[in-house]
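This report refers to the structure that appears directly beneath it.
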Amino acid sequence: MTEKIYFNHDGGVDDLISLFLLLQMDNIELIGVGVVDADSYVVPATEASRKIIDRFGHGTQLSVAVSNSRAVHPFPKEWRLAAYSENSLPLLNESGKITTPEASAPAHVDLFNKLQRTADPVTLLFTGPLTDLARVLKSDPSIEKKIKRLIWMGGTFLEKGNVAEPDCDGTQEWNSFWDPDAVKTVFNSSVPIDLVSLESTNNVPLTKKIRQRWASQRRYPGLDFIGNSYAFVPELNFFETNSTYYLWDVLTTCYLFDPSIVKTKEIKCDVKLGFPSGGQTFLTETGRKATLVYDVDSTKFFDLIDRLAKETEQPSYQSRFYFDSFLN
Ligand code: AGV
Ligand code: CA
């Protein structure tokens with residue numbers, strides 16, 4: 001049976017690759033996409049999303065909704081700028097036009113309308129802050145019954161998060177830190193939640209080796225897109241820096257398609273509010289139930305990315321590498 005999915009993302013490099021991968025999955029029906037002005041600039045991130053649907057969506061008819069939610073703690077500009085590079089990729093601009101339309105309603109209203117109209121409950125995939133979902137739940141708590149579950153890339157229960165900003169204590173994960181109150185609102189609901197937090201994503205850094213794996217298969221347009229997209233962000237070299245990139249959202253999206261690539265456990269958790277720990281998720285017996293993804297089989301994970309990205313199209317015959325392989 002196909003699962004209905006609404007995807008709300010925040011335009012980062014791995015958010016956009018997640019959109020690409022979702023469009024290749026045969027067991028899901030993507031019913032909506034919302035883009036948040038968080039780890040990106042929302043205008044180029046929305047355009048890039050529409051172009052990805054045009055180029056790799058196999059004719060999927062969708063509109064892309066723009067969020068008007070704004071940060072409590074904004075992302076660094078240096079990271080957000082990657083959206084302009086993504087939107088400029090020649091691979092996404094070959095036709096010179098965009099066919100997939102922008103939705104008329106803002107992202108939280110688009111989500112609300114789609115939930116209201118659906119007969120079967122919808123799975124929500126969120127790979128950025130939870131603000132749009134929190135706004136939906138606040139405007140009408142009864143909408144909960146239309147949500148099958150939420151899969152969220154966010155939070156961590158490790159001592160160290162991935163935020164290095166002067167106004168925090170370093171315990172937070174960024175999507176949670178961007179709008180801690182939104183996390184609280186969502187945690188207060190009874191929506192079942194699967195958390196893909198830093199516990200599992202720390203196991204899948206971007207590395208030179210994985211870049212090479214994609215580069216050597218760039219005759220497949222899907223893998224060329226992935227390789228080019230990750231070229232905008234730094235890999236893990238000798239040690240982790242503040243900008244080291246992990247496959248956070250891509251793991252979350254692949255988990256949705258094939259949960260057998262990860263290990264999960266049941267937890268009870270809550271989130272802190274206010275300075276200096278706002279956005280810190282923590283375990284507590286009095287907290288809400290959630291399923292925590294805490295480990296990943298990275299071999300299976302990278303194989304799955306290859307498989308999804310290769311299925312999308314035949315290899316490009318112009319590739320030099322392709323002809324070379326005939327000559328040898
Ligand atoms: O905290 C991980 C989230 C994911 O949704 N994002 C990136 C992924 O899209 C924020 C983030 C944390 N560290 C980053 C981030 C970095 N070094 N570069 C860009 N974004
Ligand atoms: Ca993201």
Side-chain angles (χ1 to χ4, degrees), residues 7-22 33-42 44-46 48-49 52 67 69 71-86 107 124-133 150-158 160-165 168 170-180 182-183 186 194-207 226 229-237 239-256 271 278-281 293 296:
F7 182 37
N8 182 288
H9 73 77
D10 69 336
V13 163
D14 65 339
D15 295 87
L16 294 168
I17 296 171
S18 295
L19 173 61
F20 159 74
L21 290 170
L22 273 178
V33 177
V35 186
V36 188
D37 192 48
D39 199 2
S40 68
Y41 288 92
V42 79
T46 302
S49 300
I52 289 167
S67 175
S69 296
V72 176
H73 303 284
F75 274 100
K77 181 179 180 183
E78 291 71 22
W79 299 352
R80 299 178 64 194
L81 281 170
Y84 282 97
S85 307
E86 281 284 347
L124 305 182
L125 174 64
F126 272 61
T127 58
L130 292 177
T131 316
D132 284 334
L133 176 55
L150 163 69
I151 301 177
W152 182 44
M153 192 286 125
T156 185
F157 304 95
L158 301 170
K160 188 175 162 291
N162 64 5
V163 181
E165 291 285 310
C168 82
T171 57
Q172 300 93 330
E173 181 282 328
W174 255 108
N175 290 338
S176 184
F177 182 63
W178 197 82
D179 185 355
V183 180
V186 173
D194 292 0
L195 291 175
V196 181
S197 341
L198 301 181
E199 279 77 351
S200 56
T201 60
N202 279 347
N203 295 322
V204 284
L206 179 64
T207 60
I226 291 177
S229 298
Y230 278 120
F232 301 129
V233 292
E235 77 270 356
L236 179 65
N237 271 317
F239 56 89
E240 188 192 47
T241 73
N242 184 37
S243 291
T244 303
Y245 219 84
Y246 293 80
L247 277 77
W248 304 277
D249 300 349
V250 170
L251 175 59
T252 310
T253 306
C254 285
Y255 161 65
L256 163 73
V271 62
Q280 180 196 331
T281 46
V293 174
V296 47

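When a ligand or atom number is given, it counts from 1 through the structure's own listing order.
- In the vicinity of T244, heavy-atom distances shorter than 4.0 Å reach the ligand 1 atoms 17 (N).
- Taking all heavy atoms of V250, N175, L16 into account, the minimum distance to atom 3 (C) of ligand 1 is reached by N175.
- D14 lies apart from the Ca ion (ligand 2) in this respect, since none of its N, O or S atoms is found at a distance under 3.0 Å.
- Taking the Ca ion (ligand 2) as reference, D10 places its N/O/S atom OD1 nearest.
- Looking from atom 1 (O) of ligand 1 to the surrounding protein, the closest heavy atom is E173 OE2, 2.5 Å.
- Contacts between T201 and ligand 1, counted as non-hydrogen atom pairs separated by less than 4.0 Å, are absent for every part of the residue.
- In terms of polar-atom proximity, T127 is counted as a contact of ligand 1, with an N or O under 3.5 Å from an N or O of the ligand.
- D249 has its closest N, O or S atom to the Ca ion (ligand 2) at the position named OD2.
- Between the Ca ion (ligand 2) and D39 there is no N/O/S contact shorter than 3.0 Å.
- Residue contacts to the Ca ion (ligand 2): T127 brings an N, O or S atom closer than 3.0 Å.
- The protein non-hydrogen atom at the shortest distance from atom 5 (O) of ligand 1 is D249 OD1, 2.6 Å.
- Put simply, CZ on F75 and CG on N175 are 5.0 Å apart, with the number rounded to the nearest 0.5 Å.
- Among E199, Q172, E173, the single residue meeting the side-chain hydrogen bond (donor to acceptor under 3.5 Å, both in side chains) criterion with T156 is E199.
- The shortest side-chain heavy-atom distance between V204 and V296 falls under the 4.5 Å cut-off.
- Ligand-side atoms of ligand 1 in range of S243: 17 (N), range being under 4.0 angstrom from any heavy atom.
- Looking at atom 12 (C) of ligand 1, its nearest protein heavy atom turns out to be N162 ND2, 3.4 Å.
- The side-chain heavy atoms of V250 and I226, taken from C-beta on, include no pair separated by under 4.5 Å.
- The M153 neighbourhood of ligand 1 comprises atoms 2 (C), 4 (C), 5 (O), with distances under 4.0 Å to a heavy atom of that residue.
- Each of the atoms 18 (N), 19 (C) of ligand 1 lies under 4.0 Å from some heavy atom of Y245.
- A donor-acceptor pair is defined here as one N or O able to donate and one able to accept, closer than 3.5 Å; such a pair exists between the side chain of Y245 and the backbone of D14.
- Looking at atom 6 (N) of ligand 1, its nearest protein heavy atom turns out to be D39 OD2, 3.4 Å.
- Among protein heavy atoms, the minimum distance from atom 8 (C) of ligand 1 is reached at D14 OD1, 3.2 Å.
- Using a 4.5 Å cut-off on side-chain heavy atoms (C-beta onward), S49 and L16 make contact.
- Put simply, no part of G128 is less than 4.0 Å from ligand 1, judged by heavy atoms.
- Among all heavy-atom pairs drawn from A83 and P44, the shortest one is O-CB, 3.7 Å.
- Proximity annotation for atom 14 (C) of ligand 1: of F126, F75, W79, W79 comes nearest, heavy atoms only.
- Contact analysis puts N242 in contact with ligand 1, with a non-hydrogen atom separation below 4.0 angstrom.
- W178 has its side chain out of reach of D39: every pair of non-hydrogen atoms, C-beta onward, lies at least 4.5 Å apart.
- To the nearest 0.5 Å, atom OG1 of residue T171 and atom NZ of residue K160 are 11.0 Å apart.
- Counting heavy atoms from C-beta outward, M153 and T201 have side chains that approach closer than 4.5 Å.
- A heavy-atom separation below 4.0 Å is not found between Y246 and ligand 1.
- Note on ring orientation: taking the six-membered ring where Trp is involved, the planes of H73 and F177 are parallel (angle under 30°, cut-offs 30° and 60°).
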Intermediate values then yes/no, side-chain hydrogen bond (donor to acceptor under 3.5 Å, both in side chains), S67 and D132: CA-CA 7 Å; S67 175; D132 284 334; 3.0 Å; yes
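- Ring orientation note: the planes of W79 and W174 are nearly perpendicular, at an angle over 60° on the 30°/60° scale.
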